[in-house]
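What follows is a set of notes on a single structure, which appears directly below.
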Amino acid sequence: MKKIGIMGGTFNPVHNAHLIMAQAAYEQYGLDEVWFMPSKNPPHKDRRDIVSEEHRTRMIKSAIDDVPHFLFSDLELRRQGITYTSETVKLLHNQYPDAELYFIVGGDSLASFGVWHRPEKILKYCTLLAAPRGAVSKDKIKKLCQEQGSRFHGRILPVRMDQIQISSEQIRDRIRNGESLTGYCPEPVIIYMKLHGLFHAEPEKLIIKKVTPLLMKYLSATLRPGRYLHTVRVAETAASLAFCHCGQRKKDIPRAELAGMLHDCAKYYTGEEMLCLCKDYGISLSDTERKNTALIHGKLGAWLAKERYGVCDEEICSAISYHTTGKPDMTTLEKIIYIADYIEPGRGMDCQPYPLEEIRRESYRSLDSALLMILTDTVHYLRSNDNMEIDERTIETYEYYKGRVI
Ligand code: DGI
Ligand code: FE
Ligand code: FE
């Protein structure tokens with residue numbers, strides 16, 4: 001029987017005590033998995049310091065990404081209305097009738113278990129695991145588990161661990177006071193908060209001139225793992241295309257690499273977030289972009305490259321900006337990024353009329369003719385896809401190169 005541990009909470013933000021608690025429960029009760037399940041933002045604006053569900057989700061994912069037995073669950077986020085734990089565990093029980101459920105809580109929550117919504121119902125569907133926390137220290141936890149277990153007629157067991165004095169509130173205070181978070185949160189979470197200026201801090205502005213380990217850390221802390229790997233492959237492909245086509249200008253190789261690394265840096269935002277950010281930052285959008293938000297990440301990415309990553313090379317920013325649609329009369333660097341994004345070795349789409357392998361070969365011979373092949377394939381793909389509206393710029397670029405390349 002599969003044993004599933006559930007770590008519920010606001011995770012505003014997720015921190016090391018959460019991870020240690022989840023790991024201790026996992027080890028001591030032989031759990032197969034622990035699911036991190038953030039709760040929904042309260043509907044009214046009375047908790048202004050809770051950052052968006054997207055931010056909290058991304059921070060959790062980046063914190064648990066390396067641990068195979070820690071998983072993310074959006075069960076509570078997806079539910080409508082107030083989400084009571086009693087309902088959540090019932091839903092889980094119905095969905096996984098063969099699983100044994102364990103709900104992991106801090107000792108302070110266990111002390112106030114009586115005021116939770118229908119505590120008996122919670123214990124009907126799961127075992128509660130409680131770790132020392134707040135006023136409930138290591139030596140008090142066992143007794144409290146016994147007391148609350150017999151009071152609410154269920155199984156409540158202690159998690160043995162040293163009490164760790166880290167809380168989300170303390171982290172928010174430290175950020176407000178400009179104090180370091182080293183040791184409080186996993187590094188990707190620290191980086192994520194800095195990059196987005198969460199909890200009343202100013203977003204951090206870096207000054208990036210070339211691909212460095214720091215830049216890679218920033219990107220891997222924000223992008224989803226698959227997207228990050230795509231980014232690295234685009235950077236490598238762009239560098240080798242630059243090596244092939246800009247032989248005389250060696251400095252173009254690191255520039256192509258940097259543009260490749262950053263080309264999808266805005267890709268972690270949802271469509272809704274991108275629309276909000278463009279409004280906030282005064283980035284103008286066409287009607288097609290507003291309707292097809294997948295088209296916005298180039299423009300927004302160029303803005304982020306300039307304002308967050310401090311890239312002051314205009315051509316790099318414009319290569320990022322136009323990497324999805326292309327534009328007439330592109331520079332060599334702009335072409336390289338557009339092409340690298342399409343041909344990087346992780347891509348495996350079935351392209352028509354020009355197969356990907358042919359385009360890959362052509363890319364190292366002529367950028368212009370590879371570009372036209374990609375544009376032809378893209379227009380073919382978008383036209384054969386009824387529900388995809390073609391961006392005017394994609395067509396304009398296609399027409400421009402069609403009339404030019406022999
Ligand atoms: O960001 P990537 O996935 O690496 O690649 P990309 O920047 O080329 O973006 C691909 C997405 O953009 C994909 O969802 C298709 C969409 N797209 C590209 N050109 C057009 C387009 N969508 C519409 N609606 N119209 C276009 O002309
Ligand atoms: Fe892209
Ligand atoms: Fe891409």
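Source: prediction; values computed, not measured. Counting starts at 1 for both ligands and their atoms, in listed order.
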- prompt: With only distance considered, is D391 within less than 3.5 Å of ligand 1 through an N or O on each side?
  reply: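 Yes, since at least one N or O of D391 sits under 3.5 Å from an N or O of ligand 1.
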query: Can an N or O of T378 be found at a distance shorter than 3.5 Å from an N or O of ligand 1?
result: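 By distance alone, the answer is no.
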message: Can you confirm whether Y354 is buried at OH, in the sense that more than 12 heavy atoms of other residues, nucleotides or ligands lie under 6.0 Å from that atom?
response: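 For Y354, atom OH is not crowded (no more than 12 foreign heavy atoms under 6.0 Å).
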query: Under 6.0 Å from the CZ atom of F243, do we count more than 12 heavy atoms belonging to anything else shown?
result: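 No - once you tally the heavy atoms of other residues, nucleotides and ligands closer than 6.0 Å, there are 12 at most.
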Give the atoms of ligand 1, by number and element, whose distance to some non-hydrogen atom of [X] is under 4.0 Å.
| X | result |
| --- | --- |
| H297 | 1 (O), 7 (O), 9 (O) |
| N292 | 24 (N) |
| M388 | 15 (C), 22 (N) |
| I390 | 25 (N), 27 (O) |
| E389 | 23 (C), 24 (N), 25 (N), 26 (C) |

field: Matching residue for W35 among F72, F103, Y96, F70 - test: ring pair (Phe, Tyr, Trp, His ring centres under 6.0 Å)
entry: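 So, applying the ring pair (Phe, Tyr, Trp, His ring centres under 6.0 Å) to W35 and each of F72, F103, Y96, F70, only Y96 qualifies.
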task: Only heavy atoms count here, so choose which of T231, I337, L295 is nearest to atom 20 (C) of ligand 1.
output: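 Going through T231, I337, L295 one by one, L295 has the nearest heavy atom to atom 20 (C) of ligand 1.
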task: Give the single entry among T325, L382, I296 that approaches atom 19 (N) of ligand 1 most closely by any heavy atom.
output: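 Nearest heavy atom to atom 19 (N) of ligand 1 lies in L382.
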Over 60° means perpendicular and under 30° means parallel, so tell me whether [X] and [Y] are parallel, tilted or perpendicular.
| X | Y | answer |
| --- | --- | --- |
| H69 | Y26 | parallel |
| F11 | F36 | tilted |
| Y268 | H196 | perpendicular |
| F152 | F113 | perpendicular |

task: State whether any protein heavy atom lies less than 4.0 Å from atom 26 (C) of ligand 1.
output: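 Under 4.0 Å from atom 26 (C) of ligand 1, at least one protein heavy atom found.
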For [atom], find the nearest protein heavy atom and state the residue, atom name and distance (0.1 Å precision).
| atom | value |
| --- | --- |
| atom 5 (O) of ligand 1 | D341 OD2, 3.3 Å |
| atom 2 (P) of ligand 1 | R227 NH1, 3.4 Å |
| atom 14 (O) of ligand 1 | A294 CB, 4.0 Å |
| atom 1 (O) of ligand 1 | K267 NZ, 2.8 Å |
| atom 7 (O) of ligand 1 | T324 OG1, 2.7 Å |

Would [X] count as a contact of ligand 1 if the rule is a heavy atom under 4.0 Å away?
| X | answer |
| --- | --- |
| R347 | yes |
| H230 | yes |
| R393 | no |

- request: Answer yes if the side chains of E273 and T270 hold a donor-acceptor pair under 3.5 Å, and no otherwise.
  value: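 Yes - a donor-acceptor pair under 3.5 Å links their side chains.
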task: Please tell me if the side chains of R58 and T222 come closer than 4.5 Å, counting only heavy atoms from C-beta onward.
output: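 No. Closest side-chain heavy atoms not under 4.5 Å.
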Heavy-atom side-chain proximity of R347 to H230 below 4.5 angstrom: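 SC-SC contact between R347 and H230 confirmed.
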message: By the definition side chain to side chain contact (heavy atoms under 4.5 Å, CB included), identify the one residue from D391, L295, D264 that meets it with T324.
response: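 Exactly one option meets the side chain to side chain contact (heavy atoms under 4.5 Å, CB included) with T324, and it is L295.
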field: H323 near the Fe ion (ligand 3): N/O/S under 2.8 Å
entry: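 No - counting backbone and side chain alike, H323 has no N, O or S atom under 2.8 Å.
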message: Rounded to the nearest 10°, what angle sits at the Fe ion (ligand 3) between OD2 of D264 and OD1 of D341?
response: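 Vertex the Fe ion (ligand 3), arms to OD2 of D264 and OD1 of D341: 170°.
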- prompt: Got a second to check how far L275's CG is from L285's CG, nearest 0.5 Å?
  reply: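 L275 atom CG to L285 atom CG measures 6.5 Å (nearest 0.5 Å).
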